[in-house]
Amino acid sequence: MAGVHMGAIGGGGGTFSGGGSTSGANSTLSKEDNLVLSSEVSSNPNGSELDLGLGLSLGGGGAGSTGGGMKAQQTVSQGQYARFLTAEDFPSVISQGPCSASSSSSSYLNRDNASAGTKRSADSVASGNGISPVVGWPPLRTSRLNSMVNQSKSPAAEESKPKSKNTVAEKTYSDSKKNRGDNAMEKGQCKNSMFVKVYMDGIPIGRKVDLNAHTCYETLAQSLEDMFNGPGLSVSVTSGRSSSVEHDMLVEPTRPSSLLSGSSKFVLTYEDKDGDLMLVGDVPWRVFLKSVKRLRIMKTSETNGPATRFQEKNGEQRSKPI
Amino acid sequence: MNYFPEEVLEHVFDFLTSHRDRNAVSLVCKSWFMVERSSRRSVFIGNCYAVSPDRLIARFPRVRSLTLKGKPHFADFNLVPHDWGGYVYPWIEAMVKSYSELEELRLKRMIVSDESLELLSRSFVNFKSLVLVSCEGFTTDGLAALASNCRYKFLKELDLQEIEVEERRGQWLSCFPDSFTSLESLNFACLKGEVNLGALERLVARCPNLKNLRLSRAVPLNVLQKILIQAPQLVDLGTGSYIHDTDSEDYQKMKSVIVKCKSVRSLSGFLDVAPHCISSIYPICSNLTSLNLSYATGINGTELTKLILHCKKLQRLWILDSIGDKGLAVVASTCKELEELRVFPSDPYLLGNAAAVTEEGLVAISIGCPKLHSILYFCQQMTNAALIAVAKNCPNFTRFRLCILDPTKPDAVTLQPLDEGFGAIVQACKGLRRLSLSGLLTDQVFLYIGMYAEQLEMLSIAFAGKSDKGMLYVLNGCKKLRKLEIRDSPFGNGALLRDVGKYETMRSLWMSSCEVTLGGCKALAKRMPTLNVEVINENDQMDDILGDDQRVEKMYLYRTLVGRRIDAPDFVWTL
């Protein structure tokens with residue numbers, strides 16, 4: 001977006017009665033600069049040096065107000081504290097251009113460790129161009145935050161800091177939803193967690209897996225293998241569907257698909273809504289999601305028919321025990 | 001001297017719908033007091049700890065509708081511990097004995113247990129309507145009890161808004177008996193668990209008067225289609241999941257079903273949605289007066305804008321800022337009847353570069369929508385010039401809430417505080433009743449508020465002000481102030497204690513992360529025995545650790561007729 005110019009606002013110059021600066025000529029800041037400034041400042045929070053109390057001290061209140069220099073602002077304000085600005089900082093009604101007020105945006109970001117008795121979130125680290133979260137700000141209900149925080153940001157931001165975004169949210173808000181993994185943005189759909197129980201034959205204690213963290217059988221099977229593979233266990237999970245059939249998976253399997261190999265001992269099954277035991281992989285992933293109730297990794301010795309036949313088909317590709 | 005028989009007086013009073021009018025009438029003389037009292041059917045209690053159930057029943061013996069509010073407003077933002085209080089059970093227990101005709105209960109920010117719901121459902125034969133907003137403490141078992149016991153002739157409304165319900169395996173929807181056909185309004189959009197879809201369909205099919213239906217995410221599109229076929233008379237619809245595949249059959253089917261819903265005026269939901277799905281809604285857009293897409297994170301700005309073009313009659317719009325300034329310009333040129341706008345942030349922590357809204361969008365709206373009087377606007381930045389322009393364009397604001405995501409951000413162009421902008425707002429908008437501030441603000445803005453905001457009833461302050469003077473300007477100036485909530489602002493004992501009588505004219509004051517000390521709170525409590533001054537201290541366990549000159553983290557004070565409450569948890573000290 002272009003920088004804001006007063007002329008664009010209805011009413012023209014005449015309406016500005018004694019307010020803050022209005023003249024477009026004075027607005028040397030464009031929005032990009034503003035964002036850049038914020039991000040520069042926010043990447044250097046020096047919380048530990050702040051005074052207690054709300055009167056945080058700013059080194060040199062009027063420093064850098066040479067009117068043009070955004071960069072001057074940055075070098076002054078980086079590493080400095082911020083304080084509540086007084087009338088003295090704004091000597092005249094008409095703006096003189098950027099002044100030390102620019103570093104006031106850092107006052108919020110650096111406040112995290114200030115003031116005994118104030119409760120702040122544990123995380124004071126801001127991501128590249130974000131604001132450091134404080135309890136209860138922005139003022140949104142938890143249900144809204146849950147539905148928003150888990151949604152997509154720009155691809156760049158999402159790639160760079162997916163974990164911190166979710167971690168920050170979790171620490172700040174006690175009942176925020178669990179991380180949903182990077183591949184949850186398929187077609188802009190918003191998904192919640194969908195945890196189902198997973199039991200493996202021979203292991204009395206079950207696990208839970210979030211089906212919505214996956215978009216295809218391959219990644220699910222790999223997760224399950226990781227989950228249940230411990231010393232002495234050699235598992236590879238077979239699935240009926242090859243990876244090429246799933247058109248919309250965002251995450252490629254990171255290993256050659258051991259799913260298709262016929263190893264041997266176990267097969268992945270699920271219990272559907274009607275209570276029937278079904279082989280995982282026959283139906284499209286999304287259909288599977290709608291009907292699955294719980295998963296079961298069965299010993300193939302207990303199955304008969306389709307499962308064993310399938311394994312014979314793929315018998316030549318054996319996976320190595322992990 | 002009473003010239004009219006009581007029945008006549010009662011009939012006249014029936015025309016007074018506002019609580020304040022009825023309160024005023026009861027002050028005229030003793031006989032009016034008695035008539036009004038016994039004919040009062042509806043009572044509103046803004047702070048459940050200001051009175052007690054017994055006093056309510058003694059004062060108004062034949063109430064049919066009760067509205068109760070519990071926790072302070074900042075509880076919505078996790079600033080109040082969950083078990084601070086606001087339990088509804090004692091109220092229900094007391095009313096069971098005395099209000100046999102109770103029909104309606106509306107609760108906000110209260111703790112509602114399963115036992116409460118069960119007791120409620122068993123006890124009042126005429127019970128019609130339960131509305132719970134931002135409540136917690138119950139599970140779907142409580143809902144099941146309610147459904148099972150409700151009188152088949154009477155229950156009309158079950159409305160759950162922003163509720164956190166613990167969802168157990170029980171299927172509460174199927175607990176409505178087959179003979180139950182009176183439902184008119186059902187809202188369970190906030191529930192996250194599974195829904196018995198068959199029970200839902202059957203319920204809709206047998207309730208011919210159903211007008212409002214808001215579904216949760218667990219209700220898929222095909223079930224929505226079936227429901228709409230059964231209930232084309234719906235006026236208020238909240239969809240659940242709204243995903244259909246791109247193949248045309250689903251799309252055509254949805255369109256043909258929607259077209260028959262000619263009565264729908266209010267649309268919400270779209271909790272799961274993809275951009276391509278939204279166009280099936282177009283056939284009913286021209287009738288909509290209310291549209292809430294604030295949870296529809298799956299729709300992008302372009303699709304939103306295209307949708308808005310069809311909604312010329314909108315009076316209320318809740319939307320995400322992904323619509324952008326350009327989208328808001330489209331709203332401004334399309335929705336000439338717009339009265340209320342809420343723009344929520346899709347990126348509340350500013351982590352990405354998503355197009356958010358700025359002052360440009362707000363100004364465009366103010367130019368294009370002359371009937372606008374209520375706004376909640378989350379934005380990335382604001383300027384004084386924009387606010388001044390908005391004030392000039394829209395002097396009719398009654399509610400003005402601005403939330404700049406970086407809360408101490410100055411004017412984006414001039415880097416000045418936003419005092420002048422908000423000053424213009426309060427000066428121009430003479431009917432302003434509710435105001436929320438944000439951005440870089442000094443004491444000056446409070447001077448303006450004290451001077452001009454004569455009708456102001458509720459003020460929310462965060463990260464603002466410079467000294468006690470700020471708070472004093474407000475306390476001295478705003479004669480109609482009822483609720484003041486302040487966080488992270490440098491107001492201390494000086495401001496708190498200057499005019500202690502003021503707090504008796506208000507419902508409540510909340511101050512957190514300010515400069516107020518324990519000593520100040522104690523002094524206030526001592527001077528004003530009709531106030532409950534509560535200090536919420538989650539860190540320290542023992543009184544002697546916190547010295548008088550230490551700042552209190554959270555203080556909440558409110559006027560009360562019944563003294564300190566008996567259900568306060570350990571971390572709440574009533575001084």
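Remember, predicted model here, so these are calculated numbers, not experimental data.
Contact annotation for B/Pro220: neither backbone nor side-chain heavy atoms come within less than 4.5 Å of a heavy atom of chain A. Contacts between B/Leu418 and chain A at a heavy-atom distance below 4.5 Å are absent for every atom of the residue. With a threshold of 4.5 angstrom between heavy atoms, B/Ser134 approaches chain A through side-chain atoms but not through N, CA, C or O. Residue contact with chain A, scored on non-hydrogen atoms closer than 4.5 Å, is absent for B/Ser241. For B/Ala462, the part lying under 4.5 angstrom from a heavy atom of chain A is the side chain only. Interface remark: B/Phe378 contributes side-chain atoms only to the contact with chain A (heavy atom separation under 4.5 Å).
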Kindly indicate, with the supporting measurements, whether the criterion side chain to side chain contact (heavy atoms under 4.5 Å, CB included) is fulfilled by A/Leu289 and A/Asn212.
-> CA-CA 8 Å; A/Leu289 283 187; A/Asn212 273 335; 3.9 Å; yes
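Cation-pi check for A/Arg144 over B/Tyr295 is met; the charged atom lies under 6.0 angstrom from the ring centroid and within 45 degrees of its normal.
A donor atom on one side chain and an acceptor atom on the other are found under 3.5 Å apart for B/Ser366 and B/Asn393.
The closest donor-acceptor contact from the side chain of B/Asp419 to the backbone of B/Leu441 lies at 3.5 Å or more, if one exists at all.
Residues forming a salt bridge (Lys or Arg N to Asp or Glu O under 4.0 Å) with B/Glu162 (at least two apart in sequence, or on another chain): A/Arg141.
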